[in-house]
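Shown next, in structure tokens, is the structure this report addresses.
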Amino acid sequence: MLDKHFDPNQVEQRLYEAWEKAGAFRPSGKGEPFCIVIPPPNVTGSLHMGHALNNTLQDILVRLRRMQGYDVLWQPGTDHAGIATQMVVERKLAAEGKPTRWEMGREKFLEEVWKWKEESGNTIINQLKRLGASCDWSRLRFTMDEGLSRAVLKVFVTLWKEGLIYKDKRLVNWDPKLRTAISDLEVVQKETQGHLWHFRYPIEGEEGRYIVVATTRPETMLGDTAVAVHPDDERYKDLVGKNVILPLVGRRIPIVADEHADPEKGSGAVKITPAHDFDDFEVGKRHDLPMITVMDETAHMFLKDNPDFLAGLEMTSELEETLKYHGLDRFEARKRIVERMERLGLLEKVKDHLHMVPYGDRGGVPIEPRLTEQWFVDAAALAAGAIRVVERGDTKFFPANWTKTYFNWLKDIQPWCISRQLWWGHQIPAWYGPDGKIFVSETEEEAQKQAEKHYGEAVELKRDPDVLDTWFSSALWPFSTLGWPDDTPELRRYYPTSVLITGFDIIFFWVARMMMMGLHFMHDVPFYDVYIHALVRDEHGQKMSKSKGNVIDPLELIAKYGADALRFTLAIQAVMGRDIRLSEARVQGYRNFGTKLWNAVRFLEMNEVGRDAAFDPASCRLALNRWIVGEAVKTIGEVTQSLDDYRFNDAASAIYHFTWDVFCDWYLELIKPVLKEGDAAAQEETRKTAGWVRDVILKLLHPFMPFITEELWQRTGGEGFLMLSSWPEAREELIDEDAAEELDWVITFIREVRSTRAEMNVPAGAQIPAVLVSANAESRRRLKEWETEIRRLARLSEITLADEVPPKSAQIVLAEAIIALPLEGVIDLDAELKRLEKELAATEKEMKSLQARLSNEKFLTKAKPEVVEQTKHRLEELQTKHAKLEEARQRLAAMV
RNA sequence: GGGCGGUUAGCUCAGUGGUAGAGCACUACGUUGACAUCGUAGGGGUCACUGGUUCGAACCCAGUACCGCCCA
């Protein structure tokens, strides 16, 4: 006998281990392939709500397809997460009082990272298991394991040979805290309240004349190499071609005409610092200006012994003063420069200024554009294919609006900076000869050979110290995890994968790049469908963040309510294209749903409901059973179709509604009399039907709530695992409309009586008689059939037939008949009169609107015939009802 | 500035060109040996606003307002 409640903590781990031990997560090897590759969580990660949602949705699909007989592979793995992991380990070393990475050196540091990875890298995997994720863990991969690293090398070398990877000296986004280049995508713009300083730059040879430039970054002025004005700006026409003397430095720099200068903004003249600003860099290239870097890799001023800075300068006391800024942090330098300019009378004005400041998303400090040599992927070349396949529909986005976002980015794509000045990651397979000549190759030996061939003798090569952007290896994930570059059976069988499930925040970082790489190396899309899910917010719609303190920990909710409850909550709220607001009350509600199911099964168990594999629901004779079978079939159809369309919320709602509102509330209540005192044949049929419907529920619910359903399956003697059983079939021929109509009559009867009793303030415990008046033959038959059930559920002592409504009755219209509740002594006649009048009014209101519609010529001619038919039918029903109600009202009025 | 989304019950949200829905919260009552993590009944909505299309609009279109996100 089952306990009253399901205890997830006792069951989840045991079941999970049993599944895993039995190999239930492995592909069956039979049926059509179905494959999902997991968005690899960072090895540093621990499960947050986003993971919980992402993996719940994947698990739902994977479990569904498995039950449907597909050959399912859910490929798991983790990402080495270059910067994130390196930071975690650095922090750990610092906390332990160990030397910094710079002190211990690259090799030693990497040992520490690997050690950390072995110890802590699987935390999130274990957390995914708690969620119930049915990944094939025997195939767990890591972006830096041997096979995947081989894929990375091969891709890099191939793209290099094809000219799609190149090295270039360009201005890049530099994170001065992490001391590495980062890609455009890793830069976040933050609106910041700053200042716009207006500086006077003296015109050369025109004593006392200045040009005013406005800047938000005074510290960069030391690297100015021009002042730009708009070519059409009348104010400055005569100055173009002249020079200014850069204050504090003494450098002579030209005034150039360039459209970059906006006459509307500030003074209309702008200082140009090509080595510290992306726009200025372009201006510098157009006018062939020198590019002077004035900061080092940590964004401290770099002036002394800086040949670029000092080139052509005369040593003055002014310059000497400026050189004291060497080694200052950029913001301190800014302060001092502003002060000094003011002292010199060169600060015309300062205005508050709201502007965007670029921050590194990992380091959290403003990035400093920096002129360096980096490796780039020619993303534009690869993007063309990635656009084409989505345009053609080879890969579809769900919801479709993300397609546009995807296109917008790809159509304006910039070169992808893939080198990082970090240590943790795939080291770039490039070696340099003594003269700087580059040899790219998968192995050092091969590079040596190339060099020998090139130089005619063996030379010492030096390997590029940089590593690749983490997303470079992630981009290969759908094929590298399946074995590429080897031609493995898995690769042939599961690529392209069926669907990718991920968040919108990594469409550019990951989805687009997988598409580019997949097409280039596999000559086919990496996935047919891309389902983009929303963000999980707190219950007030706030983004969860540590600083706000509103983070809800999925593991806590799992501990409290079970994994099933959390999963169901996320699934039923997973509406396409809309964020999820998660509240604990909701999780609790779905935990209660589990309890409800648990007790329903418990009830069946108490009534000796078993499981008969040979039972065919088509053999049912009782309307009750034919009805519930039909309802179950409809539900099977809805759940299946919804999941096929990625409408997780609709699927979850359908099974929830059927289980609670139909199966528990009505079917189980209605079978109680049968099970207690029905004849043997009816009892047997009902037990078998109930068992069959219970199994349909367990199966339909299993992808959402794997644990409780599996447990119930086991506890009711189910063979094997529920998770490996077959998905139910929606056999439409089992839907019996007559049975549905009959049960609708019964249910309405009970509902109406209950409602009337409550309104008449009949005590809940009181048994009262009812009289069915002017019933036709079919209603009489139904009443005979259902009397026991109706009496029980409506708390009626007896139901008799009559031609007249007994005096002092409450009256309920049910189709052609009236249910009268003689309530002599109990009934409040005025209350009943009011009740009837209220119902009359509602009926009349609806009738009026229908009549208006039906008397509209255009409606009759233009609306769909079935709609017209429906409307007429409904009006007839209402007219009957109205007449009955009116009679009832008059009868009652005569008594008052 | 460009793009996308949102505005429906007290709260959180579904929803479809043809009778406005759920969960939670609320009110009343608790009775039927599955379930009080429950049951029964009930109250509560100008579907943001303004136009348009349509026989008919919460739904389609256009505009406005406010909120959110992404990109520059």
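Every chain is numbered from 1, with letters handed out A, B, ... down the list of sequences. It should be emphasised that the depicted structure is a prediction, and the values quoted were computed from it without experimental measurement.
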What's the gap between [N] and [M] when it is taken at their [atom1] atoms, as a whole Å value?
N: G17(B); M: C24(B); atom1: P; result: 28 Å
N: G63(B); M: G2(B); atom1: P; result: 12 Å
N: G56(B); M: A20(B); atom1: C1'; result: 16 Å
N: A57(B); M: G52(B); atom1: P; result: 12 Å

Distance in angstrom units between Asp665(A) CG and U32(B) P, rounded: 17 Å

Rounded distance (Å) that lies between atom C1' of C4(B) and atom CD1 of Ile532(A): 13 Å

Which is true for [X] with a 4.0 Å heavy-atom rule: it touches a base, it touches only sugar-phosphate, or it touches nothing?
X: Glu669(A); value: base
X: Lys4(A); value: sugar-phosphate
X: Arg792(A); value: base

Salt bridge (Lys or Arg N to Asp or Glu O under 4.0 Å) partners of residues 751-761 of chain A, not counting sequence neighbours, each pair once: none

Of all pairs that satisfy salt bridge (Lys or Arg N to Asp or Glu O under 4.0 Å), the ones with a partner from residues 597-609 of chain A, not counting sequence neighbours: none

Pair assignment for RNA chain B - dot-bracket with | for other-strand partners, Watson-Crick or G-U under 3.5 Å: (((((((..((((....[..)))).(((((.......))))).....(((((..]....)))))))))))).

Test salt bridge (Lys or Arg N to Asp or Glu O under 4.0 Å) applied to Lys848(A) - qualifying residues, sequence neighbours left out: none

Test salt bridge (Lys or Arg N to Asp or Glu O under 4.0 Å) applied to Arg217(A) - qualifying residues, sequence neighbours left out: Glu219(A), Glu368(A)

side-chain hydrogen bond (donor to acceptor under 3.5 Å, both in side chains) contacts touching residues 183-192 of chain A (sequence neighbours left out): Asn173(A)-Asp184(A), Ser183(A)-Glu186(A), Glu186(A)-Arg420(A)

Asn649(A) side chain to Val575(A) backbone, donor-acceptor under 3.5 Å: no

Partners of [X] by side chain to side chain donor-acceptor pair (under 3.5 Å), sequence neighbours excluded?
X: His260(A); result: none
X: Tyr590(A); result: Arg586(A)
X: Gln714(A); result: Glu710(A)

Footprint string (nucleotides 18-29 of chain B, 5' to 3'): B base within contact, S backbone only, - free, heavy atoms under 4.0 Å: BB---S-----S

Show the distances under 3.5 angstrom between N or O atoms of the protein and N or O atoms of nucleotides 41-43 of chain B.
unit_1 : atom_1 : unit_2    : atom_2 : d
G42(B) : OP1    : Ser755(A) : OG     : 3.1

Salt-bridge criterion met for Glu789(A) and Arg792(A) (N-O under 4.0 Å): no

Per-pair distances, 0.1 Å, donor-acceptor, side chain in residues 857-869 of chain A, under 3.5 Å, sequence neighbours excluded:
unit_1    : atom_1 : unit_2    : atom_2 : d
Thr861(A) : OG1    : Glu857(A) : O      : 3.1
Thr861(A) : OG1    : Lys858(A) : O      : 3.2

Nearest-neighbour nucleotide for the Phe508(A) side chain, U31(B), C35(B), C71(B) considered: C71(B)

5′-ward residue of the pair Asn649(A)/Thr595(A) relative to RNA chain B: Asn649(A)

